[in-house]
Amino acid sequence: MARAATTSDTYNAIAEPRRRRLLEVIAGEQLAVNDIVTRLGWSQPLVSKHLRVLREVGLVDARHQNRQKIYSLNAQALKPVHEWVGGFERFWRDHLHNIKTNAEHRAEARAEKTQTSNPPTN
């Protein structure tokens, strides 16, 4: 089965850890490439390469300001990802509830065992 191109699929684009880190840096801000390079400590070609992929899938917007391109997050494009991940919230909530319930039952059983093996003396 052929892998989807990162330039046409949001999920593949954000599968790359560096692109996720880049999205974190520009979230809520509008930054020029040089500012992003400084914050991440990456080379300018590396930043530009990842920005291109993110721009092609619609996760990043770019606008010209004087002689620079200013990049910003298009959070609306992440909404389908957020909704998909949200579908697993019930699983984790139920899973954590089961862990808590099991731990409480074990604690109760230990407490009962301790009480029956060490009866109070009068």
Side-chain angles (χ1 to χ4, degrees):
M1 182 165 160
R3 186 171 165 239
T6 58
T7 57
S8 64
D9 181 79
T10 301
Y11 294 94
N12 278 327
I14 63 173
E16 164 61 49
R18 287 184 177 156
R19 287 194 277 273
R20 290 194 307 269
R21 178 67 185 121
L22 199 155
L23 289 172
E24 291 170 1
V25 166
I26 65 172
E29 297 192 61
Q30 296 182 7
L31 298 170
V33 173
N34 290 337
D35 296 328
I36 298 168
V37 165
T38 300
R39 290 192 187 187
L40 292 172
W42 302 349
S43 69
Q44 185 275 326
L46 182 63
V47 169
S48 293
K49 171 187 145 185
H50 289 300
L51 282 170
R52 180 185 52 79
V53 171
L54 293 170
R55 200 172 67 246
E56 288 178 3
V57 298
L59 291 171
V60 170
D61 293 322
R63 66 177 174 79
H64 288 279
Q65 181 177 329
N66 300 325
R67 301 173 98 185
Q68 296 183 346
K69 270 191 183 174
I70 306 297
Y71 293 90
S72 60
L73 173 69
N74 176 8
Q76 187 63 31
L78 282 171
K79 189 172 182 184
V81 175
H82 173 73
E83 290 171 350
W84 181 77
V85 170
F88 294 95
E89 183 179 352
R90 183 177 50 88
F91 165 78
W92 285 109
R93 186 179 51 244
D94 293 347
H95 187 66
L96 292 173
H97 174 75
N98 290 340
I99 290 171
K100 179 181 179 227
T101 301
N102 288 337
E104 288 170 348
H105 289 318
R106 287 181 183 162
E108 290 170 4
R110 278 194 302 272
E112 289 175 7
K113 185 178 179 182
T114 302
Q115 288 175 353
T116 56
S117 63
N118 298 325
T121 55
N122 289 346

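The basis for the numbers below is simple: all heavy atoms, side chains too, and nothing from hydrogens, waters or symmetry mates. Model, not experiment: these values are computed from the prediction.
For Q76, the CD atom sits in a loose shell: 12 or fewer heavy atoms of surrounding residues, nucleotides or ligands are nearer than 6.0 Å. For E104, the CD atom is densely surrounded, since the number of other residues' heavy atoms within 6.0 Å is greater than 12. Annotation for R20: atom CZ counts as buried by contact number, over 12 foreign heavy atoms lying within 6.0 Å.
Closest heavy-atom contact between W42 and V37: O-CG1, 3.1 Å. For the pair Y11 and P80, the tightest heavy-atom approach, listed with the atom from each and the gap, is OH-O, 3.5 Å. Counting all heavy atoms, side chain and backbone alike, G58 lies closest to A77 at O-CB, 3.3 Å. When all heavy atoms are compared, the tightest approach of R19 to A13 is NE-O, 2.7 Å.
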* To do: Determine, step by step, whether D35 and E29 satisfy the side-chain contact (heavy atoms from CB on, under 4.5 Å) criterion, reporting the C-alpha distance in whole Å, the side-chain angles of both residues, the deciding distance to 0.1 Å, and the verdict.
  => CA-CA 11 Å; D35 296 328; E29 297 192 61; over 6 Å; no

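In this view, R106 and R110 satisfy the side-chain contact (heavy atoms from CB on, under 4.5 Å) rule, not counting sequence neighbours. Taking Q68 as the reference, A32, I70 meet the side-chain contact (heavy atoms from CB on, under 4.5 Å) condition, with sequence neighbours excluded.
Here CG of N74 is found 13.0 Å from CZ of R55. Values are rounded to the nearest 0.5 Å. Taken to the nearest 0.5 Å, the CZ atom of R63 stands 13.0 Å off from the NZ atom of K69. The CG atom of L46 lies 8.5 Å from the CG atom of L40; values are rounded to the nearest 0.5 Å. The structure places CD1 of I26 at 11.0 Å from CD of E24, a figure rounded to the nearest 0.5 Å.
Taking a cutoff of 4.0 Å between a charged side-chain nitrogen and a carboxylate oxygen, K49 and E16 do not qualify as a salt bridge.
With L22 as the fixed residue, the side chain to side chain contact (heavy atoms under 4.5 Å, CB included) test singles out one of L54, L73, L59: L54.
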